[in-house]
Structures are given as structure tokens and as C-alpha cells.
Visitor: 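Handing you this structure, nothing more for now.
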Protein chains: 2
Amino acid sequence: MDPHLLRTFVAVLDHRSFSAAASALGYTQSAVSQHIAALEADLGTRLVERRPVAPTPAGARLMEHAPALLLRLDVARADIARLHHTHPTRLTLACSPAALGPAIAQALACLRSTAHPLDLEVRMLGREAVIEDVLTGRADLGLVDGVAAPSDPLPLPDLGPTTTLAAAEETLAVLFPHNHPLALRRSVRLTDLTQAQWIDAPDTAIPLDRLRAVCRIDGFPPRIRHRGTDLHGLAALATAGHGLAALPLPLAATLGGAAIPVKEPRLVHRIELVHPANPTGPARQLADLITGAAVVQ
Amino acid sequence: MDPHLLRTFVAVLDHRSFSAAASALGYTQSAVSQHIAALEADLGTRLVERRPVAPTPAGARLMEHAPALLLRLDVARADIARLHHTHPTRLTLACSPAALGPAIAQALACLRSTAHPLDLEVRMLGREAVIEDVLTGRADLGLVDGVAAPSDPLPLPDLGPTTTLAAAEETLAVLFPHNHPLALRRSVRLTDLTQAQWIDAPDTAIPLDRLRAVCRIDGFPPRIRHRGTDLHGLAALATAGHGLAALPLPLAATLGGAAIPVKEPRLVHRIELVHPANPTGPARQLADLITGAAVVQ
DNA sequence: AAAAGTTACGGCATACGTAACCATG
DNA sequence: CATGGTTACGTATGCCGTAACTTTT
């Protein structure tokens with residue numbers, strides 16, 4: 001199970017073609033064929049069906065492991081590389097959309113106004129991608145958001161050793177269209193909305209399956225799916241009545257719909273700062289500034 | 001970062017010697033030396049200090065990744081191997097000590113009394129080792145115990161795709177020596193015991209750091225450490241006054257000390273059945289029987 | 001017949017063992 | 001000087017590309 005073989009294995013299944021995988025990896029088709037043959041020989045099973053290219057049951061099983069394995073390899077390499085050379089000029093912050101609300105934006109403004117002329121780059125990504133970027137060194141720091149019981153940590157996938165710090169806890173809200181019957185309420189219960197129309201926007205708002213998990217209730221049927229990290233598009237859909245979305249109150253209040261706080265169950269929208277085990281130089285500085293400005297009630 | 005190189009790297013640091021690692025792996029010292037040199041060349045850093053053999057900072061960092069990586073490789077391989085050949089005769093159950101209380105023992109007795117003449121092997125291990133064994137196919141099923149808020153799942157390390165099912169929820173108790181001032185109480189609060197004398201028995205009782213996490217309080221100072229999976233030894237220490245230990249009430253009641261239920265915070269001792277994604281044949285049967293007999297209040 | 005995967009084979013790189021060579025206690 | 005890690009070198013294995021072969025649509 002040489003990582004090279006695993007890498008071409010996932011490339012083959014991603015491209016659903018040996019030759020496409022070959023050119024993507026800079027190999028020859030023949031080499032790819034040999035790689036797959038070697039893997040199959042090693043594991044004693046056929047892994048991919050050819051013509052058309054598709055995973056066998058065993059191949060599908062391997063696909064549940066291989067990407068994570070390759071990622072962890074990159075993580076380990078990046079972790080070691082970070083010990084030595086650091087990029088003191090550009091500072092990259094990976095950020096999930098709902099994490100970059102007024103509170104964090106203000107903290108960044110504070111940071112900007114200090115003497116340091118930092119070249120700051122912000123990358124908006126889905127939650128897992130934020131963690132991936134931090135672990136593989138593509139970002140120096142990450143901000144992820146999610147929902148949890150008050151002062152509970154967010155359940156983040158453990159792809160490697162990271163440090164997470166609470167950056168902010170905010171009231172959770174549901175974004176309603178103005179003409180919704182509940183839009184004039186002072187607060188709502190999530191358990192009253194399990195059969196409402198919901199937008200499934202897993203990378204932008206709170207994912208519906210997370211709502212189910214945290215409420216321990218089935219429901220929250222997705223009426224429309226929203227992919228990507230565009231909060232404004234999501235807000236447009238929500239206010240036009242396509243469905244509801246759960247968001248932090250301070251942020252939702254800026255989006256033009258009716259942002260109604262969630263009263264029950266007792267939940268908070270949480271923002272956590274994710275950084276590698278050894279943040280050095282400006283990354284550490286920025287971490288200190290953000291957590292210094294943290295608004296954890 | 002060839003897995004072979006990583007494997008010899010951890011062997012070298014485990015044995016604190018190139019030659020010992022070599023003979024353990026069936027290599028020559030020279031090969032081990034070349035492996036380490038290759039790894040260091042690949043990562044561009046010195047990883048181990050020689051004479052005496054010790055990790056450099058970068059090596060220590062790599063040691064945080066390498067064992068997990070190698071384990072995941074084994075897990076992936078085992079996962080695929082499981083698809084094909086199954087051991088229908090012998091059934092192996094990995095079990096953390098406090099999981100094998102009266103309830104589970106009875107469930108196993110039920111199973112035994114059925115028509116199937118199963119050759120059952122039970123392996124007592126620490127919690128992480130149970131999961132390792134299940135994932136790498138050394139065990140067909142695992143039973144892990146832990147403490148959590150009622151109907152919350154246990155926080156298990158995600159080393160790979162597993163299915164976990166609640167097998168039982170039991171009252172949590174603290175095991176006191178009979179002459180302890182609190183030994184006659186009907187119930188105790190954990191928060192009143194944060195400064196008591198505790199036994200740190202992470203593989204046998206509830207680990208003290210887990211108590212801290214779940215109570216969100218510092219404290220529970222370890223007075224004595226107890227390693228291994230021997231419940232009777234732990235009970236002997238506890239009843240002799242060496243310190244307190246948190247255990248499930250039904251099990252603690254059989255151990256000879258004073259088992260006092262924990263009233264606050266509201267916690268339960270939970271037993272979860274861990275099995276690979278595709279339990280087949282007798283493993284699935286046993287899983288059904290155990291969860292069929294499950295006592296989840 | 002064309003597109004796409006496999007097999008055969010040759011050159012180059014790599015891996016491991018033997019043995020000679022340092023370095024440290 | 002002895003224990004233990006390194007370097008040099010030869011052989012064996014393995015990897016990848018070219019090219020001929022096979023299979024499927």
C-alpha cells in the first residue's frame with residue numbers, strides 16, 4: 001500500500017478513467033495500469049472494474065480510507081515543514097462563512113489598525129476544508145463555526161494534532177422571510193420547526209444533519225440544496241421564501257431577512273480558532289489578538 | 001514518506017537504538033541507517049539524534065503522526081481483507097474492563113445458551129486498544145465503556161469508519177473504602193470530590209481527565225496510578241483507601257467497597273458496541289443479540 | 001476501427017546486505 | 001577498544017516509459 005499507488009487509485013476513480021488519471025498525475029497510462037495492478041495484487045482483490053471504470057465493493061471500501069490517509073500524510077509533512085521555514089510576510093486565514101461575522105471582522109479591523117503592516121489573505125471555505133488548509137499549511141490559522149450546547153466545544157474531525165480555542169459564542173438564529181408567519185416572534189424553538197421548509201446549505205449555514213444531531217430529533221427536511229460558501233446567495237434564497245437557514249444572530253441580522261433568535265434547545269453559535277500545534281511568529285500574534293478580542297459570553 | 005521508512009523510524013525511537021530496531025524488523029543495521037537517512041533527506045531535517053538515540057524536535061513531531069498513520073494503513077488493509085475471508089468458528093470480542101459488568105455478562109450468557117456452539121474469545125484491553133483491535137480485525141466486535149451525559153454518545157477516537165451502538169446505560173458510581181466519611185451517603189456529587197484522593201486508572205476506571213472534561217472542572221488529583229486492566233487490583237487499592245475510582249454502579253457493587261451513585265452532574269456510564277462497517281455472519285449475530293439485550297434506559 | 005486498458009521488455013533508479021570505516025563512551 | 005552508527009559498493013529488485021497486443025463499443 002505505497003502512498004503513490006493509493007494516490008493514483010483515487011485519481012483513477014475520481015476521473016473514472018486510467019488515461020485521464022495518468023495525464024493528471026504526469027504518468028503514462030501504462031504506469032497507472034501497473035499501479036492499479038500492483039495495488040490489487042497487494043490486497044488480493046480486484047479494486048476497480050474497467051470499461052467502464054468503477055470501484056468494486058472492495059475498491060469502494062478502500063476509497064473510504066485512501067483520501068484520509070493521503071491527507072494525513074500531507075498533514076504530517078506540512079507539520080514538519082512548518083518547524084523550519086515560516087512565511088513572515090503573508091498571513092493566510094482560512095474561514096468558514098458564518099465565522100466571519102461582525103465580531104471577527106471587527107477583531108481583524110483592530111489588528112489592521114496596529115502598527116504591523118500585515119499582508120492578510122482570507123480564504124472562505126467549507127468547515128472541513130478550513131481544517132484541511134490549516135493542517136496542510138495552506139493557511140496559517142483557521143476560523144470554523146458551528147452550533148453546540150453552551151461552552152461545549154465543536155465536534156471537529158480529528159485529522160491531526162491541532163489546537164482549538166473558542167473565539168466567540170453568539171446567539172443562534174433562524175433566518176425567515178419577512179412574510180413568514182413566525183417572522184414577528186421574539187424567539188423560536190427549533191423543535192417547532194422540524195417540519196418547516198429548510199435550505200440545506202452545509203458549508204454556509206448550520207448543516208441540517210448537525211441540527212438533527214444537536215436537537216436529537218429527526219426532521220429538518222431539505223427543500224433545496226445550496227452548495228458553496230456564498231452567504232449572500234443563501235440569504236437571497238431564504239428571504240425569498242425558499243426555506244429556512246440557521247445562522248448566528250449578529251450575522252443573520254445583517255442579511256436582510258428576519259433573524260429570530262433560537263430559544264430552545266439552549267444552543268449557541270460558536271466560532272473556534274484552529275491553529276497548528278506550533279503557531280509561530282505572526283500567526284501566533286494574530287491568534288493572540290483574535291482570542292484577546294474574543295467575545296465568549 | 002514511504003510507510004516502510006516510517007515504520008523503521010518509530011521502531012528506532014521505540015527501541016532507542018538502530019541495531020535493536022533492525023533486529024526487531026528483520027533488517028540489517030545498515031538498512032535502518034539508510035532508512036532514517038532517506039526519511040531525513042525526504043523531509044529535509046534531522047529527525048533523530050544518534051548516540052544516544054533520541055528524537056529531534058522534528059522527530060518528536062513526526063512521532064505524533066507516524067503511529068496513527070501506520071495504524072490507519074493497517075485498518076484500511078484489514079477492512080478490505082474482511083470483505084473476503086471471515087472466521088466463522090472463533091469469535092473474538094475486545095472489551096474494556098468496566099464494560100464487562102453484570103448486564104453484558106448476562107447478555108453473553110444468553111448467547112451461550114442458544115443453539116450455536118460459538119467459540120468465544122474475550123480480550124480485555126484499554127479503550128483505545130479495543131477500537132484498534134476492532135479496526136484492524138484482531139477482534140470482531142468491541143465493547144467500550146465511558147462516561148457521558150445521558151443519551152450522549154461516547155467521544156471515541158475516529159481511526160476509521162466504525163459503527164457504534166449503545167449497548168447499555170448505567171448509573172455512575174464512585175467506589176469508596178468502607179471507612180470513608182462519605183461511604184454511608186445515598187449519593188454523592190462529583191463536584192464535591194474534586195479535591196479528594198483519586199486513583200488514576202485510565203484503562204480500568206473512568207480516566208480522571210475524562211472526569212475533568214465532563215464536569216468542566218479542574219481537580220481530581222491523581223494520588224496513585226494504576227495501569228493495566230485489572231479491576232480487582234483497582235478495587236483492592238480503592239477499598240484500602242488509596243483513593244477513589246469512578247465506575248458503573250452495577251459493577252462497582254460487586255467489588256467489595258462502598259459504591260455510591262453519582263447524583264450530580266447528571267452523568268451515565270455508557271457501554272457502546274463497536275463493530276466494523278460490515279459485520280458479517282456470527283459477528284452480526286452477536287451484535288444483534290447484545291443490542292437486543294441492551295439495557296438503555 | 002477507434003478508444004482504452006494490458007502485457008512485454010529495456011533502461012534506470014532504488015533497496016538491501018556485506019564489509020570496511022568512523023566516532024563516541 | 002568495543003559498541004554502535006555510517007559509508008561504499010555490488011547485486012537484485014522494482015518502477016516507469018515505449019511499443020506491441022487485446023478488448024470493448
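Here is how names work: the chains are called A, B, and so on, in the same order as the sequence lines, proteins then strands, and each is numbered from 1.
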Visitor: Mind checking the OG1-CG spacing from A/Thr92 to A/Leu120? Nearest 0.5 Å is all I need.
Guide: 8.0 Å
Visitor: For the residue pair B/Gln29 / B/Ser33, report whether a side-chain donor-acceptor contact shorter than 3.5 Å exists.
Guide: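 Side chains of B/Ser33 and B/Gln29: no pair found under 3.5 Å.
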Visitor: Do the side chains of A/Thr164 and A/His275 get nearer than 4.5 Å, heavy atoms only?
Guide: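 No, too far: nothing below the 4.5 Å cut-off.
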Visitor: Using whole Å, what does the distance between atom P of nucleotide D/dT24 and atom CD of A/Glu49 come to?
Guide: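 Taking atom P of D/dT24 as the reference, CD of A/Glu49 is at 12 Å.
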Visitor: To the nearest Å, give me how far apart CD1 (A/Ile36) and C1' (C/dA4) are.
Guide: 14 Å
Visitor: Over how many whole Å does the gap from A/Arg16 atom CZ to C/dG5 atom P extend?
Guide: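 Between P of C/dG5 and CZ of A/Arg16: 13 Å.
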Visitor: Without decimals, in angstroms, what is the distance between A/Arg7 CZ and D/dC15 P?
Guide: 17 Å
Visitor: Less than 4.5 Å apart, any side-chain heavy atom of B/Arg127 and any of B/Asp145?
Guide: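 In short, these two side chains touch, coming nearer than 4.5 Å.
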Visitor: Go through A/His242 and A/Gln197 one step at a time and tell me if the side-chain contact (heavy atoms from CB on, under 4.5 Å) criterion holds.
Guide: CA-CA 7 Å; A/His242 286 282; A/Gln197 310 244 1; over 6 Å; no
Visitor: Starting at atom CZ of B/Phe18, determine the distance to atom C1' of D/dT6, rounded to an integer number of angstrom.
Guide: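 Taking atom C1' of D/dT6 as the reference, CZ of B/Phe18 is at 9 Å.
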Visitor: Look at all strands and tell whether B/Val32 reaches a base, only sugar-phosphate, or nothing, counting heavy atoms closer than 4.0 Å.
Guide: nothing
Visitor: Counting only pairs under 3.5 Å, give me each side-chain donor-acceptor contact of residues 49-59 of chain B, with atom names and distances, residues two or more places apart or in other chains.
Guide:
unit_1	atom_1	unit_2	atom_2	d
B/Arg50	NE	B/Val48	O	2.9
B/Arg50	NH2	B/Glu40	OE1	2.6
B/Arg50	NH2	B/Glu40	OE2	2.7
B/Thr56	OG1	B/Arg46	O	2.8
B/Thr56	OG1	B/Leu47	O	3.0
B/Thr56	OG1	B/Ala58	N	3.4
B/Thr56	OG1	B/Gly59	N	3.1

Visitor: Kindly say if B/Ser33 contacts the phosphate of D/dG5, meaning a side-chain N or O under 4.0 Å from OP1 or OP2.
Guide: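 For B/Ser33, the contact criterion (side-chain N or O under 4.0 Å from OP1 or OP2 of D/dG5) is not met.
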Visitor: For nucleotides 11-25 of chain C, read 5' to 3', which letter fits each nucleotide if B means a protein heavy atom sits under 4.0 Å from the base, S means only the sugar-phosphate is that close, and - means neither?
Guide: -----BBBB---BBS
